[in-house]
Protein chains: 2
Amino acid sequence: MSGNCQVSYEGRASSTLGWGERLLIIKTDGSVLVHRPEGYEPVNWQPAGCVFQVEVEDEELRIRAARLQPREVLNIFFNRVLHLSTLTLTDEGDFSLYVSEQDMKRAILLAPKLVGEDFRPLTSEKELGAAGFVDVVGEDSEGRLVVVEIKRNPAGREAVRQLQRYIKAVGMRTERPLRGIIAAPSLTREAQALLSREGLEFKPVSLKRCYEVLKFEKTRKLSEFFPE
Amino acid sequence: MSGNCQVSYEGRASSTLGWGERLLIIKTDGSVLVHRPEGYEPVNWQPAGCVFQVEVEDEELRIRAARLQPREVLNIFFNRVLHLSTLTLTDEGDFSLYVSEQDMKRAILLAPKLVGEDFRPLTSEKELGAAGFVDVVGEDSEGRLVVVEIKRNPAGREAVRQLQRYIKAVGMRTERPLRGIIAAPSLTREAQALLSREGLEFKPVSLKRCYEVLKFEKTRKLSEFFPE
DNA sequence: ACGTCGATCTCGAAC
DNA sequence: GTTCGAGGTCGACGT
């Protein structure tokens, strides 16, 4: 539905939007999107689960979309409707995204040599309480603990700081010598500087490589289900 | 535009989406949204600035939206079109969001007593280089430096850790006694524990209060322009 | 329910 | 140009 409208929001914050022509989308799950003629993001919205109220008053169409938890209300007033259509869409298509950060971790656990020839993973995820969650902890051939921070995108300073914190937190709990490795497709210049200053390491891990490892694992799994 | 389609994306990641009925939105700035019948977020999209290519092949309509920097491509194949409409929307309406974190800072600078009766702001923003940016630094009636970390939402542990870092960084540069205050609508349980353990403080600052301060300031400003 | 973290995050500002 | 932090972030997962 599109037309000339005015929007106000009250909830986690408050906002107002003056008169103008926009596209309004209301989905069957009770989510709402108000799109201006430009930009990827909706100017106003409401997540799924809204309760609606529609009424006409003073030659204006008012649509109210309210949500509890958190309590927030979106009000849309139309004084002219350019276009209206309702569709019932049936969509059973599968969506799949390849090589997320999660996938990288799985790939590294499946093929630890992605991180280093002598790397042996010990635990993965949620090991530390206070400082956060380490992606992977392992050890090398010299018995040193290896803390691995995985990034899907070129790792920046923030990744190094994260690794620092993890190293520090792990250091509190062990006497073993420590190594910190960032596993990512690449490293930004600044992160490189920080990294070497801190005595940490970088191991380039390409998405393609991960994809191949996972694909291989998938076919292996399948072949277990359908043995020759 | 809506219809039965199939989508594939290749770029920062890769994804495929099987056949199904969706809503496709193409905006004048070259942004693309593919919406499934449910959910707030588009299942596939492309930010503004795409180059398009449309062609019909084997009874299918193919829309290609490509973007450089980063290099990524979205391909949409329609085998049935349910609905198509093009609109030229003119939208000059002003959008304003009240009480952002920025607004909270402005409100606190305008009404320092929001942080404490004896709080006097000295500087705001970008004071520290290494550890980041402190929201506000001030002093109290006893001459202690007060570092204020502002959060718009209930402050969690991360806010406390941030404040810790700032305190530490400020401590390196001065001999004056220090106080650290988190100014936010509320504080999570865990953050509370961390906070008291670290000897830091919490000052509840409601969005509504900030809103009122800013509104007051606005009317004051206006009255200066239009004096009696 | 709350807290934490990733995201094809997007977006804007600062450097 | 890149980097960095905020977002009514959203959504997922774990507690």
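Residue numbering restarts at 1 for every chain, and letters A, B, ... go by the order of the sequence lines.
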Please classify the nucleic acid contact of [X] as base, sugar-phosphate, or nothing, using heavy-atom distances under 4.0 Å.
X	answer
Tyr9(B)	base
Glu10(A)	nothing
Pro47(A)	base
Thr188(A)	sugar-phosphate
Asn44(A)	base
Gln46(A)	base

Problem - Backbone of Arg36(B) reached by a side-chain donor or acceptor of Lys27(A) within 3.5 Å - result: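 Confirmed, Lys27(A) side chain pairs with Arg36(B) backbone.
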Tell me the interatomic distance from [X], atom [atom1], to [N], atom [atom2], rounded to whole angstroms.
X	N	atom1	atom2	value
Gln102(A)	dC13(D)	CD	P	9 Å
His35(B)	dG11(D)	NE2	P	11 Å
Lys105(A)	dG6(C)	NZ	P	8 Å
Tyr166(A)	dT4(C)	OH	P	12 Å
Leu17(A)	dG8(D)	CG	P	14 Å
Leu207(A)	dA7(C)	CG	P	11 Å
Gln192(A)	dT2(D)	CD	C1'	15 Å
Lys208(B)	dG8(D)	NZ	P	21 Å

Exercise for the section: In whole angstrom, give me the gap between the C1' atoms of dT10(C) and dG6(C). Expected result: 14 Å
Contact under 4.0 Å: [X] side-chain N or O vs [N] OP1/OP2:
X	N	value
Arg12(B)	dG6(C)	no
Asn153(A)	dC9(C)	yes
Arg189(A)	dC15(C)	no

Exercise for the section: Map Gln69(B) and Glu41(A) onto DNA chain D by nearest heavy atom, then report which one ends up closer to the 5' terminus. Expected result: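 The residue whose closest nucleotide sits nearer the 5' end is Gln69(B).
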Practice task
Name the residue closer to the 5' end of DNA chain D, choosing between Leu97(B) and Gly156(A) according to the nucleotide with the nearest heavy atom.
Solution key: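 By nearest-heavy-atom nucleotide position, the 5'-most residue is Gly156(A).
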Practice task
Measure the distance between the ring centre of Trp45(B) and the centre of the six-membered base ring of dT8(C), then answer whether it is under 5.5 Å with planes under 30°.
Solution key: yes
Exercise for the section: For Glu57(A) and Arg62(A), run salt bridge (Lys or Arg N to Asp or Glu O under 4.0 Å): C-alpha distance rounded to whole Å, both residues' side-chain angles, the deciding distance at 0.1 Å, then the answer. Expected result: CA-CA 7 Å; Glu57(A) 197 178 333; Arg62(A) 170 181 170 233; 5.1 Å; no
Handout entry: Partners passing ring-ring contact (aromatic ring centres under 6.0 Å, His included) against Tyr40(B) (at least two apart in sequence or in another chain)
Key = Trp45(A)
Handout entry: 5'-most by nearest nucleotide on DNA chain C - Glu101(A) or Arg67(B)
Key =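 Its nearest nucleotide lies further toward 5', so the answer is Glu101(A).
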Handout entry: Toward the 5' end of DNA chain C, by each residue's nearest nucleotide, Ala48(B) or Arg152(A)
Key =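 Looking at DNA chain C, the more 5' nearest nucleotide goes with Arg152(A).
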Name the closest nucleotide to the [X] side chain, picking from [options].
X	options	result
Glu72(A)	dT8(C), dG8(D), dT3(D)	dG8(D)
Tyr40(A)	dG3(C), dT3(D), dT10(C)	dT10(C)
Lys151(A)	dG8(D), dG6(C), dG5(D)	dG6(C)

Exercise for the section: May I ask you to say whether Glu10(A) pairs ionically with Lys208(B), meaning some side-chain N is under 4.0 Å from a carboxylate O? Expected result: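 Here Glu10(A) does not pair with Lys208(B) in a salt bridge, since their nearest N and O are not under 4.0 Å apart.
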Problem - Note: Glu72(B)-Arg67(B) ion pair, threshold 4.0 Å (strictly below) - result: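 Salt bridge flag = yes for Arg67(B) with Glu72(B).
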Practice task
Could you tell me whether Glu55(A) atom CD has more than 12 heavy atoms of other residues or ligands within 6.0 Å of it?
Solution key: yes
